Participant: 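Below: one structure in structure tokens.
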Protein chains: 2
Amino acid sequence: MRKTSPASAIPPAPRRRAPSRRAIATSLSILDAAEELFAERGYDGASVRDIAAAAGAQIASISFHHGGKAALFEKVVERRADELSKLRLDQLAQLHQADGQQTLNDILSAFLRPYLEKIAAGDPHWIAYARLVAMVSADARWRQIAERCFDPTANIFIDEIAALFPGVEKSAVAMAFVFSVSAMLSLSTSQWRIEALSGEAPAAATMDALSDALVRYCEAGLRAALER
Amino acid sequence: MRKTSPASAIPPAPRRRAPSRRAIATSLSILDAAEELFAERGYDGASVRDIAAAAGAQIASISFHHGGKAALFEKVVERRADELSKLRLDQLAQLHQADGQQTLNDILSAFLRPYLEKIAAGDPHWIAYARLVAMVSADARWRQIAERCFDPTANIFIDEIAALFPGVEKSAVAMAFVFSVSAMLSLSTSQWRIEALSGEAPAAATMDALSDALVRYCEAGLRAALER
DNA sequence: GTCTATATGTAGATAGAC
DNA sequence: GTCTATCTACATATAGAC
């Protein structure tokens, strides 16, 4: 069944020459600048001009390296989503290896803590990421990004939670899960609102305390919504 | 100390002639069209051209009646916010009249139910409103709208809740309150995400069931986050 | 790969006739 | 109050020199 012709059978590799160090730097700085400006001003509010300027690059570089504004936005979201999904699934795998019965708190922590630790470290890239996720989640125009970047991991966690509540419909679990993700995102997207509503005393709460409160909030909320 | 001249002392009323019926209709249809398009595409994504076209009005009418795009956005948010705040504060007043000790569930219901009833009725204007609130809450550029339209009522409810948890810092209550508002908004803003994550079975859950689940979720979450 | 120059479209606002 | 016509600015994208 094999073709007899030697090398020509395999089409000549459509692979390009490896990009130069400088090209990589340009491409990356555009990605970083885009992340910041998209998060701050939204997709329509951030122009490729401003992104290029912030990156110290040419406008034309954006189309050249990333294929246009829309494709750039997708790459920005995808880069972070992939890293975060990996961390979350790693946590889940560790739970399974420990092979005691995992609790709701374990599963929720595996999902929430990796992100909470990122923002507790104060990394502005990850604070920006919450705003991007909120945009994608609220805008049907980015449906494909959500399906590709968020849904696979979310489904795994929803199924894990559903296993703890036999007889409860998956849609109910999905709903309570979305409530929890929304609450998590609000820590970043609405930080200024929380501060504005906190009154005079700034209350130098550590991010760790906020994280713990969020996990407790979500766990209790999920139980109340799903238990009979 | 009074001027002796008769009518001229009082400056001629700067009041304009009452607007015509048609003018009112134009102004209103612009407001309605703007609400829909701002919610669907965001502030930057919705152009005044499209808004005018959707309203069946002229582009120039937008500046004439509403003073420009930014002012129009504010009016759109303010109109709904005022109506909703009134409903919420009415509910709270009824609780106080009943003068039994009000529970956390009472207070949360007074805040959440008026909005949940609006969307349970399927009114697209109110579903759109959640998206607008989410935009304003996530974007510091609209800080003034949030301070004027949302904060006064939110502060009243936060204080009511705080009274049930003596010794807990107001900032902790504000945080848990923002979690709850985020979860509430996600019912409208991320409805399509909930559906996508619910799996094959569409599960024709009534909006009333979703509302009850949300209130249970928020109440239990608040308790867990605030109780010692 | 980078950069200049430009093509082509659309944005929000308003002057002035009606 | 409405509507036409137009102003000015800025958007994304790309062709072609380097």
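Remember, predicted model here, so these are calculated numbers, not experimental data. Chain identifiers are assigned alphabetically (A, B, ...) following the order of the sequence lines, protein sequences preceding nucleic acid strands; residue numbering begins at 1 within each chain.
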Participant: Which part of the nucleic acid, if any, lies within contact of A46(A), taking any heavy atom under 4.0 Å across all strands shown: a base, the sugar-phosphate backbone alone, or nothing?
Facilitator: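 Touches sugar-phosphate only.
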Participant: Going by salt bridge (Lys or Arg N to Asp or Glu O under 4.0 Å), name the residues that satisfy it together with R143(A), two or more places apart in sequence or in a different chain.
Facilitator: none
Participant: Which residues satisfy the ring pair (Phe, Tyr, Trp, His ring centres under 6.0 Å) test with F38(A), sequence neighbours excluded?
Facilitator: Y43(A), F73(A)
Participant: Which residues pass the ring pair (Phe, Tyr, Trp, His ring centres under 6.0 Å) test with Y115(B), not counting sequence neighbours?
Facilitator: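 Once residues adjacent in sequence are excluded, Y115(B) has no partner under the ring pair (Phe, Tyr, Trp, His ring centres under 6.0 Å) criterion.
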Participant: With sequence neighbours left out, which residue pairs that include part of residues 53-65 of chain B fulfil the side-chain hydrogen bond (donor to acceptor under 3.5 Å, both in side chains) condition?
Facilitator: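 side-chain hydrogen bond (donor to acceptor under 3.5 Å, both in side chains) check on residues 53-65 of chain B returns no pairs.
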Participant: Quickly work out the H66(B) NE2 to dA13(C) P distance and round it to whole Å.
Facilitator: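 After rounding, the gap between these two atoms is 13 Å.
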Participant: Contact list please: residues 31-45 of chain B against DNA chain D, heavy atoms, distance less than 4.0 Å, in numerical order.
Facilitator: none
Participant: Below 4.0 angstrom from OP1 or OP2 of dC3(C), is there any side-chain N or O of R22(A)?
Facilitator: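 Affirmative; the distance criterion is met.
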Participant: Tell me: CD1 of I51(B) to P of dA11(C), nearest whole Å?
Facilitator: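 Taking atom P of dA11(C) as the reference, CD1 of I51(B) is at 10 Å.
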Participant: Taking C-beta and beyond as the side chain, do E35(B) and V76(B) meet within less than 4.5 Å on heavy atoms?
Facilitator: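 Touching, per the 4.5 Å side-chain cut-off.
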Participant: Verify the contact: side-chain N or O of Q58(A) to OP1 or OP2 of dG1(C), cut-off strictly under 4.0 Å; return yes or no.
Facilitator: no
Participant: List, with names and distances, any nitrogen or oxygen atoms from the protein found under 3.5 Å away from nitrogen or oxygen atoms belonging to nucleotides 13-18 of chain D.
Facilitator:
residue, atom, partner, partner atom, Å
dA13(D), OP2, K69(A), N, 3.1

Participant: Going by atom type alone, with no hydrogens or angles, which donor-acceptor pairs under 3.5 Å involve a side-chain atom of residues 85-94 of chain B and a protein atom two or more places apart or on another chain?
Facilitator:
residue, atom, partner, partner atom, Å
S85(B), OG, A81(B), O, 3.2
S85(B), OG, T153(B), OG1, 3.0
R88(B), NE, F111(B), O, 2.7

Participant: Expressed in angstrom and rounded to an integer, what is the separation of L28(B) atom CG from dG1(D) atom C1'?
Facilitator: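 It works out to 16 Å between those atoms.
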Participant: Looking only at side-chain N and O atoms, does S20(B) come under 4.0 Å of OP1 or OP2 in dG1(D)?
Facilitator: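 Result: no.
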Participant: Apply ring pair (Phe, Tyr, Trp, His ring centres under 6.0 Å) to Y217(B) and list each qualifying residue two or more places apart in sequence or on a separate chain.
Facilitator: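 Expected list: F179(A), Y217(A).
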Participant: Taking only residues at least two apart or on different chains, which pairs with a member in residues 173-196 of chain B satisfy salt bridge (charged side-chain N to carboxylate O under 4.0 Å, His left out)?
Facilitator: D151(A)-R193(B)
